[in-house]
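Chain letters run A, B, ... following the sequence lines, proteins first, then strands; residues in each count from 1.
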Amino acid sequence: MREIEIDAESKTPREINRDLKTLAEEYDRIIIKNPNAKHYLSAGLTTPVEVIIDGSAGYFAGTMIDQASIKIKGNAGWFAGDNMTQGELIIEGSAGDGVGQGIYGGNVVVKRDAGSRTGEIMKNGTIIIGGNSGFMSGIFMMGGRIIVLGDIAEDAGESIIRGAIYVLGEIKSLGKNAKVVEINEKDKKDLKELLPAYSFDLEDSKYNKFKKIVPRSKRPFYGPESEEG
Amino acid sequence: MCGIAGVVYKDRKLHPVGSDMTKMLDALQHRGPDSAGFSIYGGLGLEDNEYLLNIEIKEKPGILESVKELVKVVSPIKSEEIIPSVENYIIYRCKISLKSFSQLKPLIMNIDRIEGVIVLNGSHSFEMIKDVGYVLDIAKRYDTWSKMGTHAIGHTRFSTESIVDRYHAHPFQSYIIPDITVVHNGQITNYWNIRDPLERKGHIFETNNDTECIVHYVADKLSMGYSLEETLEQSVKDMDGPYSYVVGTPNGVGIAKDQLGLRPGVMAENDDVFAIASEEVSLREVMDTTYVEQISPGEVRVYEI
């Protein structure tokens, strides 16, 4: 394991990201010290490297990553993991609004609470929220899955088109085009495989308590259900 | 975009809140380069009838003397200070005494009639510092680093709908009741629906800036007996648009966020300090905590001492 540290204290996000991209070619693990909630950390990193952000990150942490595996030891601001395509983003603390916005693939994991509009317009991939997820989580979701182990706030799955949201806690209210269905055995099996891998160790009985939010229609705005393609 | 921040020391004692707020705003500098401002509460130490006037004056012979003559009609000038600013302006500050708070706004309006003069604010329990440019330049110009107080609010401005100058820098103040100030990130889209009833009640608007509208709205509600928390809760129901704003009063600070949560706001507290800001990077300047709360859509938070 080849490991190196970057001290972010006196560097701009651009300088940090430039260093990351260069060092990622040579090292397996890069630790960013003193991140101090700076924005855009690890943006656009497309190398299969492990990055540990030793503190909090600001907006757009890990945006557009592909293959990289990023762990944020503190909190993340708005839009963490935005538009990522492959890889992993683990946030040990809480996340702001729009975590996992528009992702095409990969896993985004928030150990504590997330703000509003979690997984907005996501196309694929998985988002796990260990605590509560805020207002309009899953808005305009087009694929993939969101798993919320706490409560989900008002208008959950607002205008959801594809994909599913699994909620262990309370669903405050559903958004337009969202409905709740029972989870099936395949859902349970998938959750049982996935959650312990991220140290979410639930009692077996809890897996029966998940509710699943799915779209009512695949074409809620542009035509009758008979036209669904 | 704009950055907003607030900090309160829970023990009600004087602390270096000027330094705290300078660091919090510098951390938010990327959110707005146009101007920055502070309301630093609790450190002025004025007598009950004393006020501090903060006046922008164009550097031109005779104007400062005209201002002083006008002030002296209603009050002796008990102390004064001139702070050089930029673009051929100075900031003239003077301590005055008035028989009642109700004399303050008419005096300000009279001074404003002098060409080349704008009263930035008049206060009793807080010091307002606001100017164009970067936080650290303003901090150096006004020595915000040395200011003591119990609590403070502040702003970095990215202007969108109104002019960039000292007066339009935040905080904005209302004179409906003493010493209410607001900093704001966002837009109030039903601005005229909010402004119109306030004007019908006789409240005077000096600008078309929506932050001025918020501060009058807040002061009006407080004058009617609403608590700060009730005021902010009602504002979230009444005001449309994307916004989060922070209010400073002689007793504390509060934050309100629009019902769709379209502008950021985070908070953190420990046994000593309550702090709110647009981003965690700002909170970290006054607190070492891993637990940062997101202000939810439509939520308000208040801390009063």
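Taking a 6.0 Å sphere around OH of A:Y198, one finds it holds more than 12 heavy atoms contributed by other residues, nucleotides or ligands. Residue A:K212 qualifies as enclosed at atom NZ: its count of foreign heavy atoms under 6.0 Å is above 12. Residue-environment remark: NZ (A:K211) exceeds the threshold of 12 foreign heavy atoms within 6.0 Å. Sparse packing is recorded around CZ of B:F158, with 12 or fewer heavy atoms of other residues, nucleotides or ligands lying under 6.0 Å away. Within 6.0 Å of OH in A:Y40 there are 12 or fewer heavy atoms belonging to other residues, nucleotides or ligands.
Identified by a heavy-atom distance below 4.5 Å to chain A, the contributing residues of residues 15-43 of chain B are B:H30, B:R31, in residue-number order. At a heavy-atom separation below 4.5 angstrom, chain A is approached by B:K257, B:Q259, B:L260, B:G261, B:L262, B:R263, B:P264, B:S278, B:E279, B:E280, B:V281, B:R284, B:E285, B:T290 within residues 253-290 of chain B.
Interface check for chain B: of the options A:K38, A:R117, A:M136, the most heavy-atom pairs under 4.5 Å are formed by A:R117. Residue with the most contacts toward chain B among A:G134, A:A95, A:A114, A:P35: A:A95 (heavy-atom pairs, distance under 4.5 Å).
Between the CD atom in B:Q294 and the CG atom in A:N75 there is a gap of 8.0 Å [rounded to 0.5 Å].
Residue A:A153: no heavy atom, backbone or side chain, is found under 4.5 Å from chain B.
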